[in-house]
Amino acid sequence: QVQLVESGGGLVQPGGSLRLSCAASRSLFDIHVMAWYRQAPGKQLDLVARITSGGSIIYTNSVKGRFTISRDNAKNTVYLQMNSLKPEDTAVYYCYALYYSDYWGQGTQVTVSS
């Protein structure tokens, strides 16, 4: 099993930055895929960024050049650095792990508004 604990959400003005953290209960080397998803009000859950145990990274087109996914293996933590935030980035952000099964964090709210 994998427990995921997220932190770092909040309210930020357009153009601002936030960093989300996702602490996993086991080594990231054991986890096949770590990812961030988001769900805006009334919309479906969408992939934002994904990083594999081998270091392969993908981003959804709308966040390329603005968001960066990274990991600290020593802390078993994955980060999502979000820059140049837009109102359309407003959503609940969920951390995800694939370790023989799907695991999800509790979600953290990100609100981009002036």
Just wondering, do T90 and Q109 contact through their side chains at under 4.5 Å, heavy atoms? yes
Count I, L, V, M, F, W, Y as connected when their side-chain heavy atoms are under 4.5 Å apart, and connections chain through other members. Are L18 and V78 then in the same cluster? yes
Please report the closest heavy-atom contact between A24 and V2, naming both atoms and the distance. CB-CG1, 4.3 Å
How long is the straight-line distance from OH of Y93 back to CG of D46, given to the nearest 0.5 Å? 10.0 Å
The reported gap from OH in Y99 to CG in D30 (rounded to nearest 0.5 angstrom) is 5.5 Å
Is the side chain of Y94 donor-acceptor paired with the backbone N or O of E6 at a distance under 3.5 Å, no angle test? no
Nearest heavy atoms of A97 and I31, plus distance in Å: CB-CG2, 3.9 Å
How many angstroms lie between atom NZ of K75 and atom OG of S21, to the nearest 0.5 angstrom? 9.0 Å
So, Q81 side chain and T68 main chain: donor-acceptor pair closer than 3.5 Å or not? no
Between the side chain of R71 and the main-chain N/O of S53, is any donor-acceptor distance below 3.5 Å? yes
Among D89, V63, I69, which residue meets the side chain to side chain contact (heavy atoms under 4.5 Å, CB included) test with V48? V63
Quick check: closest heavy atoms across L85 and R66, and the distance to 0.1 Å? CA-NH1, 3.9 Å
Closest contact, heavy atoms only, S17 versus N83: OG-OD1, 2.9 Å
Which pair of non-hydrogen atoms, one from V92 and one from G107, has the smallest distance, and what is that distance? CG1-CA, 3.9 Å
Given the rule in the side-chain contact (heavy atoms from CB on, under 4.5 Å) test, do T111 and L11 qualify, once you have shown the distances and angles that lead to the verdict? CA-CA 5 Å; T111 301; L11 173 64; 3.7 Å; yes
Decide yes or no for T108 and S7: does some side-chain heavy atom of the first lie under 4.5 Å from some side-chain heavy atom of the second? no
How about L28 and I51: do any of their side-chain heavy atoms sit closer than 4.5 Å? no
Could you walk me through whether L20 and M82 satisfy the side-chain contact (heavy atoms from CB on, under 4.5 Å) test, starting with their C-alpha distance in whole Å, then the side-chain angles of each, then the deciding distance to 0.1 Å, before giving a yes or no? CA-CA 8 Å; L20 305 183; M82 305 185 294; 3.7 Å; yes
Candidates W36, W104, Y103 - the one meeting ring-ring contact (aromatic ring centres under 6.0 Å, His included) with Y96: W104
Do Y79 and I57 belong together in a cluster built from hydrophobic side chains that touch within less than 4.5 Å? no
To the nearest 0.5 Å, how far apart are CZ in R38 and OG1 in T60? 7.0 Å
Here the gap from H32 atom NE2 to S101 atom OG, rounded to the nearest 0.5 Å, amounts to 10.0 Å
Note: S25 and Q1 closest approach over all heavy atoms is OG-O, 4.2 Å
To the nearest 0.5 Å, how far apart are CE in M34 and OG1 in T52? 12.0 Å
